[in-house]
Undergrad: 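If you scroll down you'll find the structure; I have some questions about it.
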Amino acid sequence: MSVSAASSLAALGPGSLAGYWRFQRAVAKAQLAAWLPAARNLLVDISGPYASASAQAADRGHTVIRVVAAPPATEPHRARAARARRGTIVPVRAEAASLAFLADGCADGVIAEDGALSRQLMAEDLAAEITRVLRPGGRLLACVDSLVLGMAILAEQHRWAHLTDLANAEVVLIPWPDGTITRCFGVSQFRELLTEAGLEVSWVRPRTVLSPSMVDHVLRRNPAAITRLVRAELTAVQQGADGLSAAESFGISLLAAARKPARPA
């Protein structure tokens with residue numbers, strides 16, 4: 001299975017929109033906080049090295065199996081933070097594309113943040129693995145690169161022929177400047193990926209809808225405004241989510257919540 005190491009946050013870099021990237025991380029943290037269950041659960045995090053989902057979930061008291069491709073560096077401040085957590089992070093060195101080391105139905109939830117499914121060109125295989133390891137009623141929170149991001153990357157590389165064919169493509173693969181390839185999704189494609197894996201999709205939403213330039217402008221003038229911006233973003237996404245049509249995709253990332261069906265009585 002081909003794997004790409006690209007991440008929208010890592011590959012694009014902070015650039016001139018440093019405030020926006022800070023805002024997007026704050027929004028992601030708030031969205032994860034809203035998704036995390038109140039009771040202590042066993043969660044599997046396949047988000048990769050740039051996401052902080054494992055630490056956030058462990059701080060809420062959950063046990064998190066964090067799948068990492070390389071052994072994580074142990075830093076003094078992280079060791080101190082780990083001792084103060086209510087939960088536990090268990091790092092497992094493995095490729096996120098295969099969760100074969102996990103038993104069927106062992107996990108209460110799976111976190112696939114920071115484009116984890118987009119980094120797997122055969123995302124269907126990983127989605128099926130996620131369904132397998134979830135217990136009946138177990139939940140998934142997943143984020144993928146959107147078609148908006150894919151079109152922006154193609155336009156930046158002057159790949160006009162690829163842009164012309166994008167509307168008819170069933171699978172959209174995007175080459176990045178660093179040589180990696182990721183897979184982008186529209187709303188209907190993302191929903192179909194999860195549904196065909198055997199999951200019930202609760203919702204699909206853009207991660208952010210506020211303009212990056214507007215957010216960056218506001219934060220340059222008043223860095224303390226980030227809390228109000230995050231609150232406004234969450235409200236805007238919630239209100240606009242029900243109006244998303246199958247053809248629409250806003251922002252550089254799409255976020256979905258899904259559940260494995262419970263066993264029939």
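These values consider heavy atoms only, across backbone and side chains, with no hydrogens, waters or symmetry-generated copies. All residue numbers refer to positions in the sequence shown, counting from 1.
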Undergrad: With distance as the sole test, does T180 use its side chain to make a donor-acceptor pair with the main-chain N or O of W176 at under 3.5 Å?
TA: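 No, because the side chain of T180 does not come within donor-acceptor range (under 3.5 Å) of the backbone of W176.
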
Undergrad: Between V218 and R228, does a side-chain contact (heavy atoms from CB on, under 4.5 Å) hold up when you go through it step by step?
TA: CA-CA 11 Å; V218 170; R228 295 196 300 275; over 6 Å; no

Undergrad: Just checking, is any N or O donor in the side chain of Q24 or R207 under 3.5 Å from an acceptor N or O on the other one?
TA: no

Undergrad: Within a strict 4.5 Å, meaning less than it, do heavy atoms of the E233 and V209 side chains meet?
TA: yes

Undergrad: To the nearest 0.5 Å, what is the distance between CG (L141) and CG (L43)?
TA: 10.5 Å

Undergrad: Once rounded to the nearest 0.5 Å, what's the spacing between atom CZ of R191 and atom OG of S202?
TA: 9.0 Å

Undergrad: Short question: side chain of K260, backbone of T131 - any donor-acceptor pair under 3.5 Å?
TA: yes

Undergrad: Is there side-chain contact between L149 and T182, with at least one heavy-atom pair below 4.5 Å?
TA: no

Undergrad: Show the nearest heavy-atom pair for residues L254 and F190, with the distance to one decimal.
TA: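 Smallest heavy-atom distance, with atoms named: O-CE2, 3.8 Å.
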
Undergrad: If you define the side chain from C-beta out and look only at heavy atoms, does anything of R22 sit under 4.5 Å from R25?
TA: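 Answer yes - side chains close enough.
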
Undergrad: Can you find a heavy atom in the side chain of I130 that is under 4.5 Å from one in the side chain of V44?
TA: no

Undergrad: Quick one: does any side-chain atom of Q56 pair with a main-chain N or O of K29 as donor and acceptor, under 3.5 Å?
TA: yes

Undergrad: How long is the gap from CE on M151 to OG on S146, to the nearest 0.5 Å?
TA: 7.5 Å

Undergrad: Considering only heavy atoms from C-beta outward, does the side chain of P175 approach that of I153 to under 4.5 Å?
TA: no

Undergrad: Could you walk me through whether F185 and V172 pass side-chain contact (heavy atoms from CB on, under 4.5 Å), step by step?
TA: CA-CA 7 Å; F185 296 84; V172 180; over 6 Å; no

Undergrad: Taking the side chain as everything from C-beta on, heavy atoms only, tell me whether P177 gets closer than 4.5 Å to Q157.
TA: yes

Undergrad: Judged by atom type as modelled, is there a donor-acceptor pair below 3.5 Å linking the side chain of R119 to the main-chain atoms of D114?
TA: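 Yes.
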
Undergrad: Between I89 and A58, which heavy-atom pair has the shortest distance, and what is it?
TA: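 Smallest interatomic distance, heavy atoms only, reads CG1-CB, 3.6 Å.
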
Undergrad: Working to the nearest 0.5 Å, report the span between CG of L42 and CD1 of I65.
TA: 4.5 Å

Undergrad: Taking the side chain as every heavy atom from C-beta outward, state whether L234 and V27 have any atom pair closer than 4.5 Å.
TA: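 A side-chain contact exists here, since the closest heavy-atom pair is under 4.5 Å.
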
Undergrad: Could you state the interatomic distance from NE2 (H217) to CZ (R220), rounded to the nearest 0.5 Å?
TA: 10.0 Å

Undergrad: To the nearest 0.5 Å, tell me how far N41 CG sits from L36 CG.
TA: 9.0 Å

Undergrad: So, for D45 and I111, which heavy atoms are closest and what is the spacing to 0.1 Å?
TA: OD1-O, 3.3 Å

Undergrad: What are the two closest heavy atoms between L255 and C143, and how far apart are they?
TA: CD1-CB, 3.9 Å

Undergrad: Once salt bridge (Lys or Arg N to Asp or Glu O under 4.0 Å) is applied, do any residues pair with R183, and if so which ones, sequence neighbours excluded?
TA: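 For R183 the salt bridge (Lys or Arg N to Asp or Glu O under 4.0 Å) partners, ignoring immediate neighbours, are E124.
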
Undergrad: Determine yes or no for a side-chain-to-main-chain donor-acceptor pair under 3.5 angstrom, with D216 supplying the side chain and G19 the backbone.
TA: yes

Undergrad: With the side chain counted from C-beta on, respond yes when D108 and H62 share a heavy-atom pair under 4.5 Å apart, and no when they do not.
TA: no

Undergrad: Salt bridge (Lys or Arg N to Asp or Glu O under 4.0 Å) with R132: which residues, sequence neighbours excluded?
TA: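 Partners of R132 under the salt bridge (Lys or Arg N to Asp or Glu O under 4.0 Å) test: D104, E129.
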
Undergrad: How far apart are the C-alpha atoms of L210 and F23, what are their side-chain angles, what is the distance that settles it, and do they pass the side-chain contact (heavy atoms from CB on, under 4.5 Å) test?
TA: CA-CA 10 Å; L210 298 183; F23 162 76; 4.0 Å; yes

Undergrad: Which atom names give the shortest non-hydrogen contact between E113 and A51, and what distance separates them?
TA: CB-CB, 4.5 Å

Undergrad: List the atom of G137, the atom of R259, and the distance in Å for their closest heavy-atom pair.
TA: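 Distance-wise, the nearest heavy atoms are O-NH1, 3.0 Å.
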
